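Report on one structure; see the data block that follows.
Computed from a prediction, not measured in an experiment: that's the story for all the values here. In the text below, chain A, chain B and the rest are named by the order of the sequence lines, each starting its count at 1.
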Number of protein chains: 2
Amino acid sequence: MQTPTELAAAYRSQGRKLTPQRQLLFHLMHGNDKHPTAESLFAEASAQMPGISLRTVYQTLNELAEMGELQFIDIGGGATRFDPNLDDHHHVVCVDCGQIRDVHVNGTAALKPVGIEDFTINEVGVVFQGVCSTCEKSRAKSNKTAHAKSPAQQAKVSK
Amino acid sequence: MQTPTELAAAYRSQGRKLTPQRQLLFHLMHGNDKHPTAESLFAEASAQMPGISLRTVYQTLNELAEMGELQFIDIGGGATRFDPNLDDHHHVVCVDCGQIRDVHVNGTAALKPVGIEDFTINEVGVVFQGVCSTCEKSRAKSNKTAHAKSPAQQAKVSK
DNA sequence: AACCTAATTAGCAAGTCGTGCGAATAAGAA
DNA sequence: TTCTTATTCGCACGACTTGCTAATTAGGTT
Ligand SMILES: [Mn+2]
Ligand SMILES: [Mn+2]
Ligand SMILES: [Zn+2]
Ligand SMILES: [Zn+2]
């Protein structure tokens with residue numbers, strides 16, 4: 001995703017209006033590597049601009065996606081995540097806490113799909129599933145104390 | 001996923017009851033490579049067993065997943081898809097019609113993630129995105145006639 | 001600076017997908 | 001056949017996202 005300033009120019013050149021809501025979201029998303037959901041962005045935005053609506057957050061994210069400024073990430077589970085990182089990269093998901101981290105992957109060009117001669121392939125996505133070091137620690141702890149695993153956020157899993 | 005007969009044995013040995021609803025779903029899922037949604041399975045099931053409930057379809061799919069007999073697939077878009085294929089395989093999605101096809105991928109072992117030393121990786125999933133030959137044809141046609149693209153089912157896309 | 005108008009916002013209704021709940025039903029043991 | 005308990009089914013509800021529209025506002029015009 002471009003910088004807020006560049007986006008401002010892009011918006012103007014397309015006849016779109018530069019509202020304070022949009023500018024705030026530009027700032028919140030620019031360089032953001034947290035892969036936030038619409039709701040979490042809404043929470044951050046609300047802190048700086050009480051009254052902004054969740055609807056506007058969704059609208060702005062959708063228009064940025066249409067403009068090619070960000071991508072949607074659907075790795076199962078609940079809400080769609082938004083990614084302003086347009087570099088060629090992939091993702092790692094912690095199945096415990098649900099966090100998504102960027103990862104560069106070497107070897108994707110060597111991937112050879114077998115049995116889909118009738119498809120024209122445009123993109124390849126790689127998703128690693130694992131457990132982050134933080135969750136690994138709390139796992140060890142709960143093993144010792146035999147605590148129940150927190151029913152909090154859990155990333156549903158696909159292969 | 002095991003055969004309906006094998007599943008019957010597995011169910012009995014676990015103290016689960018063998019209902020006609022479950023047996024029907026065993027048959028509908030066994031060897032099914034369509035990656036159906038709960039709704040589409042429900043439609044098929046309803047044809048053979050009018051009155052079966054969508055709730056029961058969800059329940060049975062969830063328990064089969066818990067038993068490790070099938071996996072969930074979430075590739076963005078709408079509903080979760082269910083996959084009885086437990087072999088090591090990956091998927092291709094047609095971004096036009098949304099169909100998901102199995103694909104074996106050579107080279108996954110050579111994939112080298114960079115920058116996630118703090119993760120313990122358990123699984124790797126590869127998703128190819130493209131256009132199937134059928135959709136490719138209808139695309140060519142609509143290009144010539146300048147028709148609008150069908151607003152039908154469209155697979156949302158993630159990377 | 002006041003004005004115009006189309007774009008945008010905010011809020012609520014509605015749609016989709018999936019789960020919690022509980023009364024009615026039925027599998028399978030006794 | 002009877003009994004116990006798992007299961008089914010229907011409905012309400014929750015999470016997430018979009019449709020709709022009246023009110024507001026950005027930004028160009030006078
Ligand atoms: Mn990313
Ligand atoms: Mn499959
Ligand atoms: Zn974690
Ligand atoms: Zn297709």
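- Side-chain contact between B/His91 and B/Asp102 is present, with at least one heavy-atom pair separated by less than 4.5 Å.
- Each of B/Ala79 and B/Thr19 has a nearest nucleotide on DNA chain C; the 5'-most of these lies closest to B/Ala79.
- The side chain of B/Arg22 has D/dT7 as its nearest neighbour among C/dG28, D/dT17, D/dT7.
- Residues B/Arg12 and A/Ile52 both approach DNA chain C. Their nearest nucleotides, taken by heavy-atom distance, put A/Ile52 toward the 5′ side.
- C/dG28 atom C1' lies 16 Å from atom OH of B/Tyr11, rounded to whole Å.
- Remark: P of C/dA26 and NZ of B/Lys17 are 12 Å apart, rounded to the nearest angstrom.
- Comparing D/dT7, D/dT8, C/dT9 by their closest approach to the side chain of B/Thr56 singles out D/dT8.
- Few gaps surround NE2 on B/His30; more than 12 heavy atoms of other groups in view lie less than 6.0 Å from it.
- Annotation: side chain of B/His89 is in contact with side chain of B/Asp83 (closest heavy-atom distance under 4.5 Å).
- Contact between the side-chain N/O atoms of B/Gln59 and the OP1/OP2 oxygens of D/dC9 is not found at any separation under 4.0 Å.
- The shortest distance between the side-chain N/O atoms of B/Thr80 and the OP1/OP2 oxygens of C/dG18 is below 4.0 Å.
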Problem - Derivation of the side-chain contact (heavy atoms from CB on, under 4.5 Å) call for B/Asp74 and A/Asp74 - result: CA-CA 7 Å; B/Asp74 282 296; A/Asp74 283 295; over 6 Å; no
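- Looking at heavy atoms from C-beta onward, B/Leu64 lies in side-chain contact with B/Leu7 at the 4.5 angstrom threshold.
- For the pair A/Leu61 CG and C/dT9 C1', the interatomic distance rounds to 15 Å; values are reported in whole Å.
- To the nearest angstrom, C1' of C/dT9 lies 15 Å from CG of A/Asn62.
- OP1 or OP2 of D/dT7 has not a single side-chain nitrogen or oxygen of B/Arg16 nearer than 4.0 Å.
- Between A/Tyr58 and D/dT18 there is no side-chain N or O to OP1 or OP2 distance below 4.0 Å.
- Here the C1' atom of nucleotide D/dA15 and the CZ atom of A/Phe42 are 15 Å apart, to the nearest Å.
- The interatomic distance linking A/Arg81 (CZ) with D/dC16 (P) rounds to 11 Å, in whole Å.
- Between the C1' atom of C/dG22 and the CZ atom of B/Arg55 lies a distance of 12 Å, rounded to the nearest Å.
- The distance from atom CD of B/Glu66 to atom P of D/dT7 is 11 Å, rounded to the nearest whole Å.
- Here B/Glu39 lies out of heavy-atom contact (under 4.0 Å) with every strand.
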